[in-house]
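Working notes, structure below.
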Number of protein chains: 2
Amino acid sequence: MNQMIKRKSGAQQLFDGEKVIVINGRAFSSADCPVRDVLTNVGGKWNTLMVQALADGPMRFSALRRLIPDISQRMLTQTLRDLERDGYITRTVFPTKPPSVEYRLTEMGRSFNQVLEPLVEWSATHHPTIRAARERFDAN
Amino acid sequence: MNQMIKRKSGAQQLFDGEKVIVINGRAFSSADCPVRDVLTNVGGKWNTLMVQALADGPMRFSALRRLIPDISQRMLTQTLRDLERDGYITRTVFPTKPPSVEYRLTEMGRSFNQVLEPLVEWSATHHPTIRAARERFDAN
DNA sequence: CAGTATCCGGGAGGATACTG
DNA sequence: CAGTATCCTCCCGGATACTG
């Protein structure tokens, strides 16, 4: 029930000649696999960091820049746009002058952050182990 | 405690002139941020899929090829090598002829899979919502 | 069977300059 | 302040061919 892939499924026949991935017993064209679709965002260099930056509360564009010093302006805008597009965050413009823009997690964004957190914790916990394994492997 | 980033920390001063990310109150050079280090793997196109493929039990190279039809030989090898290097899986060669090689999740690999599963579930659940949000956004 | 080796295109993302 | 607009580079990953 929890594994992404099931063996010995006849589902490969569902798409004629097309490559297929099987998740929870259902077949998807690997082109639009839902899990892949979401995990692509997770993999993006800035997406998860941005979600976590907004987890404490809404922030403005410039505040995000200061919080994440090594993101380029281009990537900050693009990441925020992508997250907005997929419904993770909302963008609110205040017509002050100069204008200020507030970014805020949606309900779904907060929901996502909750499944993200364990992964972050896991990463921090196991990072030393991974580093060690890597050095051991590279020693050969 | 659970958020990746803390505000109003003076930690930016810890690294002299270097860009810094702050996690759970500790500062890391953004070059070797532990969370980024792990999440990079999550983001790789095949890494998570491979972990899940092996979640049910060990598999051989050719079995993995059949299970994930649209991976190239090159990427299959490389993904397995990377996962082995970081300690997620082990690689065992059986000197039959022709040789067969078995890949198996380590304890850490299984541990990782457990924090991965909720993310996979979440993806499958929210995928329709995301698709809808995306179409709404693109309509403008 | 389980890999290497090589070539190659596309896209992610950085740097820089400009704007309402 | 909060963006666009370009340009450019690196490297991920696919395709193909060869090997112990």
Side-chain angles (χ1 to χ4, degrees), chain A residues 18-19 21 29-31 33 36-37 39-50 53-54 58-86 89-104 137 140, chain B residues 18-19 21 29-31 33 36-37 39-50 53-54 58-86 89-104 137 140:
Chain A
E18 201 181 348
K19 299 309 180 60
I21 295 177
S29 151
S30 54
C33 167
R36 166 80 48 82
D37 206 21
L39 258 49
T40 295
N41 279 355
V42 179
K45 188 168 182 179
W46 302 110
N47 294 290
T48 60
L49 191 57
M50 202 62 59
L54 294 171
M59 289 186 80
R60 289 176 48 187
F61 189 86
S62 54
L64 287 168
R65 283 208 76 177
R66 280 190 300 275
L67 188 66
I68 309 173
D70 59 342
I71 193 172
S72 66
Q73 216 157 351
R74 187 188 179 283
M75 276 300 106
L76 179 53
T77 303
Q78 184 176 309
T79 302
L80 289 169
R81 214 59 91 210
D82 289 347
L83 290 175
E84 184 195 4
R85 186 170 105 103
D86 284 8
I89 65 177
T90 58
R91 176 176 179 273
T92 312
V93 182
F94 296 99
T96 57
K97 75 176 171 180
S100 68
V101 179
E102 183 196 79
Y103 293 93
R104 180 189 297 263
F137 186 89
N140 300 351
Chain B
E18 200 181 348
K19 300 308 180 62
I21 295 177
S29 151
S30 54
C33 166
R36 166 80 48 82
D37 206 20
L39 258 48
T40 295
N41 279 355
V42 179
K45 189 168 181 180
W46 301 110
N47 294 291
T48 62
L49 191 58
M50 201 62 60
L54 293 172
M59 290 187 80
R60 290 176 45 188
F61 189 87
S62 54
L64 287 167
R65 282 208 76 177
R66 282 191 298 275
L67 187 67
I68 308 173
D70 59 341
I71 193 173
S72 65
Q73 216 158 349
R74 186 189 180 286
M75 276 301 106
L76 179 53
T77 303
Q78 184 174 308
T79 302
L80 290 168
R81 215 57 93 209
D82 289 347
L83 290 174
E84 184 195 4
R85 185 169 106 103
D86 284 10
I89 64 177
T90 58
R91 176 177 179 273
T92 313
V93 182
F94 295 99
T96 56
K97 74 175 174 182
S100 67
V101 180
E102 184 196 78
Y103 293 93
R104 182 189 296 264
F137 187 91
N140 300 349

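Naming: A, B, ... by sequence-line order, numbering from 1 per chain.
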Margin query: Applying a 4.0 Å non-hydrogen cut-off, can you work out what B:Gln73 is touching in the nucleic acid: base, sugar-phosphate, or nothing?
Written below: base
Check: When we call it a touch if two heavy atoms are under 4.0 Å apart, what does A:Thr77 touch: a base, just sugar-phosphate, or nothing?
Finding: base
Item checked: Relative orientation of the end axes in the helix from C:dC1-D:dG20 to C:dG20-D:dC1, expressed as an angle to the nearest 10° (five pairs per end) -> 50°
Any [X] side-chain heavy atom under 4.5 Å of [Y] side chain:
X: B:Asp82; Y: B:Gln78; result: yes
X: B:Met50; Y: B:Leu76; result: yes
X: A:Phe61; Y: A:Thr77; result: yes
X: A:Leu80; Y: A:Trp46; result: no
X: A:Thr40; Y: A:Asn47; result: no

Starting from [atom2] on [N], measure out to [atom1] on [X] and report it in whole angstrom.
X: A:Asp82; N: C:dG11; atom1: CG; atom2: P; value: 14 Å
X: A:Asp70; N: C:dA15; atom1: CG; atom2: C1'; value: 14 Å
X: A:Met75; N: C:dG14; atom1: CE; atom2: C1'; value: 8 Å

Check: Which residue, A:Arg74 or B:Pro98, contacts DNA chain D at a nucleotide closer to its 5' end, judged by nearest heavy atom?
Finding: A:Arg74
Next item on the list: Identify the 5'-most and 3'-most nucleotides of DNA chain D with at least one atom closer than 4.0 Å to a non-hydrogen atom of chain A.
Entry: D:dC1 to D:dT6
Item checked: Reported CZ-to-OG1 distance for the pair A:Arg60 and A:Thr92, which is rounded to 0.5 angstrom -> 12.0 Å
Item checked: Which residue lies more 5' along DNA chain C, comparing A:Gly44 with B:Tyr103 via nearest heavy atoms -> B:Tyr103
Item checked: Identified side chain to side chain contact (heavy atoms under 4.5 Å, CB included) counterpart of B:Leu54 within the set B:Leu67, B:Leu49, B:Leu64 -> B:Leu64
Notebook entry, point to check: Nearest heavy-atom pair of A:Ala53 and A:Met59: which atoms, and what distance?
Noted result: O-SD, 3.6 Å
